[in-house]
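First up is the structure itself, then whatever we jot down about it.
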2 protein chains.
Amino acid sequence: MAAAIEIADAEGLEAVSIRRVATALGVRPMSLYTHIERKEDLFDLMADEVNRELIIEGELPSHWREAITMIARREHEVILRHSWVIDLVARHPRVGPNGLRHGEQNLCALSGLDVDLATAARIVTAVDHYMTGYVIRERLLRDQRADHLAEPYIQQMINEGDFPHLRRAMREGVPQQESFEEGLRWLLDGIERSLGRS
Amino acid sequence: MAAAIEIADAEGLEAVSIRRVATALGVRPMSLYTHIERKEDLFDLMADEVNRELIIEGELPSHWREAITMIARREHEVILRHSWVIDLVARHPRVGPNGLRHGEQNLCALSGLDVDLATAARIVTAVDHYMTGYVIRERLLRDQRADHLAEPYIQQMINEGDFPHLRRAMREGVPQQESFEEGLRWLLDGIERSLGRS
DNA sequence: CCTCTCTCCGTACAGCGTATCGGCGGAGAC
DNA sequence: GTCTCCGCCGATACGCTGTACGGAGAGAGG
């Protein structure tokens with residue numbers, strides 16, 4: 001599992017093949033099947049190992065917003081480091097021991113709040129959705145290094161077509177940079193407001 | 001391309017193989033390579049075709065919030081129908097003509113707002129992140145049909161471990177259902193508030 | 001009619017996950 | 001000591017994948 005994670009971190013998920021992992025372990029491919037039943041099991045293990053890193057040791061901040069923010073930041077940082085987990089959990093749900101612990105901690109962060117469990121769960125998942133989308137995009141920007149929109153054929157399309165806003169954005173050199181914190185703040189502001197109102 | 005989309009809709013992205021598409025077209029596999037250079041090109045075409053569906057015909061609502069909501073709803077509906085696009089654009093960016101048109105329309109929706117282009121872009125991407133995460137999760141829930149957390153071994157883990165909140169959630173039967181609209185409202189509320197403040 | 005281009009395609013190769021089966025070494029029973 | 005059983009390793013093989021390579025045939029322009 002550690003070997004597989006190392007490969008995935010370095011070269012992406014599709015580089016993780018049974019033969020590749022076996023080679024890294026100095027063993028023949030079929031030997032792996034004494035410990036796992038299918039390759040998916042290996043993926044499950046890898047995902048749960050990342051979930052372990054998501055768990056925050058020690059006390060959570062007592063204020064729900066700080067606690068959720070802290071968890072979201074941790075998720076952002078860890079998942080960006082192992083960005084292949086996104087593809088794993090997007091394929092189908094992988095609920096391991098550490099996944100449960102992480103879920104528990106999420107609900108725990110909201111326990112000071114006077115809302116029912118269903119609402120707490122929806123808050124958690126909403127933040128999770130934002131985080132997920134953000135990490136996916138950040139990975140894209142990172143992996144392609146340069147600004148994709150600067151590619152010649154795209155510039156040409158923008159210049160020749162009817163794209164006033166895009167053309168202006170291109171001329172002004174609007175950075176694609178975004179901020180995890182800003183979007184998170186927006187979302188939490190909205191949640192906070194709906195709490196105050198209800 | 002249409003044949004490939006049909007296969008992907010019905011059986012998922014991994015069912016889209018060169019041989020499969022060729023068979024659907026009544027043609028030999030290698031013939032496809034006359035029209036595309038690599039399989040990725042086919043994926044590019046498929047993604048842009050979905051982007052075409054994202055474009056809203058006619059006038060957008062003049063109020064930014066209504067416009068963005070309308071676009072987000074369209075994205076939600078269309079992408080859930082072709083949920084494999086998420087995996088495509090998550091792998092690497094695919095900017096085709098329709099993708100640009102859609103981007104233009106997004107900025108257009110915010111053009112009545114008194115913010116600079118960079119801020120507008122960040123607003124658009126933040127909403128996009130939420131939508132992306134939401135669709136991924138909704139697809140998970142749909143594809144597995146039943147409630148995954150209800151599986152015996154998970155129940156057992158929850159009951160035997162130290163998971164007070166999860167246990168309570170299980171006992172109370174907290175539904176996993178979430179609402180696209182609610183989270184979107186939260187996010188837009190937060191954005192609106194930050195606009196008013198600045 | 002010759003040539004050029006465009007499309008189709010047969011074959012082949014390297015890689016994948018994994019089903020099947022066989023061998024080997026250590027632990028426990030007598 | 002010997003016998004048995006079980007856990008681990010592994011060789012081979014099957015069917016799948018994307019695609020490199022080269023050839024065949026048809027239609028167009030000279």
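Proteins get letters first, then strands, A, B, ... in listed order; numbering begins at 1 in each. Heavy atoms only: backbone and side chains are in, while hydrogens, waters and symmetry mates are out.
An OP1 or OP2 oxygen of C/dC8 is reached within less than 4.0 angstrom by a side-chain nitrogen or oxygen of B/His35. For the OP1/OP2 pair of D/dC9 and a distance below 4.0 Å, the side-chain nitrogens and oxygens of A/Thr34 include at least one atom meeting the criterion.
Axis angle across the helix from C/dC1-D/dG30 to C/dC30-D/dG1, with five pairs used at each end and values rounded to 10°: 10°.
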Could I get a table of every N or O pair under 3.5 Å where one atom is in the protein and the other is in nucleotides 5-7 of chain D?
none

Any N/O pairs under 3.5 Å between the protein and nucleotides 17-22 of chain D? List them or say none.
from: D/dT17; atom 1: OP1; to: B/Ser17; atom 2: OG; distance (Å): 3.0
from: D/dG18; atom 1: OP1; to: B/Ile18; atom 2: N; distance (Å): 3.3
from: D/dG18; atom 1: OP1; to: B/Lys39; atom 2: NZ; distance (Å): 2.6
from: D/dG18; atom 1: OP2; to: B/Ile18; atom 2: N; distance (Å): 3.0
from: D/dG18; atom 1: N7; to: B/Arg19; atom 2: NH1; distance (Å): 2.7
from: D/dG18; atom 1: O6; to: B/Arg19; atom 2: NH2; distance (Å): 3.1
from: D/dT19; atom 1: OP2; to: B/Tyr33; atom 2: OH; distance (Å): 2.7
from: D/dT19; atom 1: OP2; to: B/Lys39; atom 2: N; distance (Å): 2.9
from: D/dT19; atom 1: O5'; to: B/Tyr33; atom 2: OH; distance (Å): 3.4
from: D/dT19; atom 1: O4; to: B/Arg19; atom 2: NH2; distance (Å): 3.3

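B/His82 and B/Glu49 form no side-chain donor-acceptor contact under 3.5 Å, judged by distance and modelled atom types alone.
Within 6.0 Å of the CD atom in B/Glu6, the count of heavy atoms belonging to other residues, nucleotides or ligands does not exceed 12. Within a 6.0 Å radius of CZ in A/Arg81, more than 12 heavy atoms belonging to other residues, nucleotides or ligands are found.
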Protein-proximity profile, nucleotides 22-28 of chain C, B/S/- by nucleotide at the 4.0 Å heavy-atom cutoff, equals -------

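Atom P of nucleotide C/dC9 and atom CG of B/Leu25 are separated by 11 Å, given to the nearest angstrom. Spacing between atom CZ of A/Arg28 and atom C1' of C/dT18 amounts to 17 Å, rounded to whole angstrom units. One atom, CD1 of A/Ile36, and another, P of C/dT18, lie 8 Å apart when rounded to the nearest Å.
Other cluster members for B/Ile55: none, since no ILVMFWY side-chain heavy atom sits under 4.5 Å from it. Grouped by direct or indirect side-chain proximity (heavy atoms under 4.5 Å, Ile/Leu/Val/Met/Phe/Trp/Tyr only), B/Leu60 sits with B/Ile56, B/Met70, B/Ile71.
Under the ring pair (Phe, Tyr, Trp, His ring centres under 6.0 Å) criterion, B/Phe180 pairs with B/His76, B/Tyr130, B/Tyr134, sequence neighbours left out. Under the ring pair (Phe, Tyr, Trp, His ring centres under 6.0 Å) criterion, B/Trp64 pairs with no residue, sequence neighbours left out. Not a single ring pair (Phe, Tyr, Trp, His ring centres under 6.0 Å) links A/Trp186 to another residue, sequence neighbours left out.
The distance from the CG atom of A/Leu32 to the CD1 atom of A/Ile36 is 5.5 Å, given to the nearest 0.5 Å.
Ion pair A/Arg73/A/Glu77 not flagged as a salt bridge, since none of the NZ, NE, NH1 or NH2 atoms sits closer than 4.0 Å to an Asp/Glu carboxylate oxygen.
Sorted by first and then second residue, the side chain to side chain donor-acceptor pair (under 3.5 Å) pairs involving residues 107-128 of chain A (not counting sequence neighbours) are A/Asp116-A/Thr119, A/Arg122-B/Glu182. Residues in residues 12-26 of chain A take part in these side chain to side chain donor-acceptor pair (under 3.5 Å) pairs, two or more places apart or across chains: A/Glu11-A/Arg20. Annotation: ring pair (Phe, Tyr, Trp, His ring centres under 6.0 Å) contacts involving residues 3-56 of chain A, sequence neighbours excluded, are absent.
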